[in-house]
Amino acid sequence: MPELPEVEFVARELNRIVGGQKIATAELLRARLAPDSQIPDFGGLLDRAKINFVHRRGKNILFDLDNRRTLLTHLRMSGRFMLLNGQADDPKFTHAVLHFVDGSRLVFQDQRHFGLMKVIETARLDLDPSIAKLAPEPFSEDFGPEYLREQLARSGRSLKEFLLDQTKVCGLGNIYASEAMFRAGISPKRKARNVPGVRIERLHRCIVDVLAEALAEVSGRTPNPAAIGEGVYGDGASGDWRVYEREGGPCRTCSAPIRRIKQGQRSTYYCPKCQR
DNA sequence: ACCCTCACCTGCACGC
DNA sequence: TGCGTGCAGGTGAGGG
């Protein structure tokens, strides 16, 4: 489910809550969660390791371990972590569990089975395909207007599909892509390479601002250690979007009805008057 | 190098 | 009530 702001928040929460914890044993309950790993391997790669810290790259959550390995996880659409104590049962759709030496455990739960886990040699982390192909971090110097200009020029796809491509711009998902295009006043149907040069700086700023504001908003919510990420995407109603999921509603700028269209099999929301 | 389609799952809201 | 349809905050494989 989550996009970069939510993933960043979850990674911070995990770092706060399980950073420094030592794994006693790791259980893989659904083999396809970690397709590169045999089930017995999974425990072997993680058992007795201490979690140094938790961070993220793109939408990947990375558990840096003291055995020279990193546990990479991707929540995809419905993955979530929960920290449980001894007595509670594992929830439905639990696919992996890290049992800590203090008796608590971190559960990975995923209703739609899209999530992924992978154990990687930390020294080779940046070479892993899921990391290596990612665009620069949107809050970094490397993601500047000039970078965006070069990438836009090379793409004949619609701007919306371009923004969802994590190898071009990383961190946006279906919500914040629509929100960023609305703020920038650019039609989602416009071809990426046809975004006028004079509007690229604004588009760049809108992407960064949308993500930064969402991160600030998400970070202000009360953390729930029993369901890390709960409240982040548990109560979607808290999202105060300008266009996302507002089909037919009045544009907050010009009152024209917000439209929904399909692009690349996914919904895009936009204002046909404000976005050209 | 790029772009398109399909695939992976479950559950929920909706209309008949 | 039940059944069909479409929808959901993501990506990767495999083809052109």
Side-chain angles (χ1 to χ4, degrees), chain A residues 1-11 29-36 56-61 72-81 91-96 108-118 128-135 138 150-182 188-189 191-194 207 210-211 213-215 217-218 221 228-248 260-269:
Chain A
M1 286 201 192
E3 305 182 32
L4 187 141
E6 292 80 10
V7 174
E8 171 70 23
F9 176 74
V10 170
L29 302 174
R30 179 179 155 269
R32 288 172 61 193
L33 171 64
D36 296 349
R56 105 178 142 76
R57 173 74 174 94
K59 299 175 190 171
N60 299 282
I61 296 170
L72 179 152
T73 69
H74 199 301
L75 303 174
R76 294 286 180 96
M77 294 288 263
S78 58
R80 56 192 280 188
F81 285 101
K92 200 176 174 185
F93 304 121
T94 292
H95 297 149
F108 181 81
Q109 185 213 16
D110 184 8
Q111 176 196 107
R112 291 180 74 181
H113 299 203
F114 291 172
L116 282 179
M117 283 195 180
K118 186 165 19 171
D128 190 86
S130 54
I131 301 289
K133 296 192 300 190
L134 288 176
E150 286 162 23
Q151 296 298 319
L152 285 166
R154 289 164 45 184
S155 173
R157 312 167 82 180
S158 68
L159 179 60
K160 166 66 177 327
E161 291 172 285
F162 173 88
L163 292 178
L164 288 185
D165 184 338
Q166 303 296 299
T167 71
K168 309 286 193 296
V169 176
C170 103
L172 290 175
N174 213 32
I175 295 175
Y176 300 130
S178 281
E179 295 294 306
M181 290 184 294
F182 173 76
K189 295 189 279 193
K191 279 194 195 303
R193 69 165 65 100
N194 291 342
I207 291 168
V210 159
L211 292 173
E213 286 173 29
L215 176 58
E217 196 276 322
V218 165
R221 298 185 198 167
I228 298 152
E230 183 72 24
V232 173
Y233 43 87
D235 50 357
S238 64
D240 184 24
W241 323 121
R242 301 201 195 161
V243 287
Y244 186 75
E245 281 189 337
R246 292 195 58 240
E247 183 181 17
R260 175 163 74 101
I261 57 173
K262 280 280 184 196
Q263 294 181 290
Q265 284 110 247
R266 312 198 66 196
S267 290
T268 302
Y269 298 84

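Chain letters run A, B, ... following the sequence lines, proteins first, then strands; residues in each count from 1.
Taking atom P on both nucleotides, C:dG6 is separated from B:dC6 by 14 Å, rounded to a whole Å. Comparing the P positions of B:dC12 and C:dT11 gives an interatomic distance of 24 Å, to the nearest angstrom. Across C:dG12 and B:dG11, the matching C1' atoms stand 23 Å from one another, rounded to whole Å.
Contact annotation: A:Ser130 does not reach the phosphate of C:dG12 (side-chain N/O to OP1 or OP2, under 4.0 Å). Within the structure, every side-chain polar atom (N or O) of A:Arg266 is placed at least 4.0 Å from both OP1 and OP2 of C:dC7.
A:Arg260 places its CZ atom 6 Å from the P atom of C:dA8, with the value rounded to the nearest Å. One interatomic measurement links the two molecules: CZ of A:Arg157 to P of B:dC3, which rounds to 6 Å at whole-angstrom precision. Atom CG of A:Asp36 is separated from atom P of C:dT11 by 17 Å (rounded to the nearest Å). A:Ile131 places its CD1 atom 10 Å from the P atom of C:dG12, with the value rounded to the nearest Å. The separation between A:Leu134 atom CG and C:dG10 atom C1' is 13 Å, rounded to whole Å. Residue A:Phe93 contributes atom CZ, which lies 13 Å from atom C1' of B:dC12 at whole-angstrom precision.
Across all strands shown, A:Gln166 has heavy atoms under 4.0 Å from sugar-phosphate atoms exclusively, and none from any base. At a threshold of 4.0 angstrom between heavy atoms, the contacts of A:Gly264 with the nucleic acid are absent. Within the 4.0 angstrom heavy-atom criterion, no nucleotide atom of any strand lies near A:Arg193. At the heavy-atom level, A:Lys262 lies under 4.0 Å from the strands shown only through sugar-phosphate atoms.
Aromatic stacking of A:Phe114 on B:dC8: satisfied, with centres closer than 5.5 Å and planes within an angle under 30 degrees.
Picking from B:dC3, C:dG9, B:dC6 the nucleotide with the shortest atom distance to the side chain of A:Tyr244 gives C:dG9. Picking from B:dC3, C:dT11, B:dC9 the nucleotide with the shortest atom distance to the side chain of A:His74 gives C:dT11. Distances were taken from every side-chain heavy atom of A:Arg154 (C-beta onward) to each of B:dG11, C:dT11, B:dA1; the shortest belongs to B:dA1.
Taking a 6.0 Å sphere around NZ of A:Lys189, one finds it holds 12 or fewer heavy atoms contributed by other residues, nucleotides or ligands.
With sequence neighbours excluded, the residues that form a ring-ring contact (aromatic ring centres under 6.0 Å, His included) with A:His95 are A:His113.
A heavy atom lying under 4.0 Å from DNA chain C marks the following residues of residues 168-178 of chain A, by number: A:Gly173, A:Asn174, A:Ile175.
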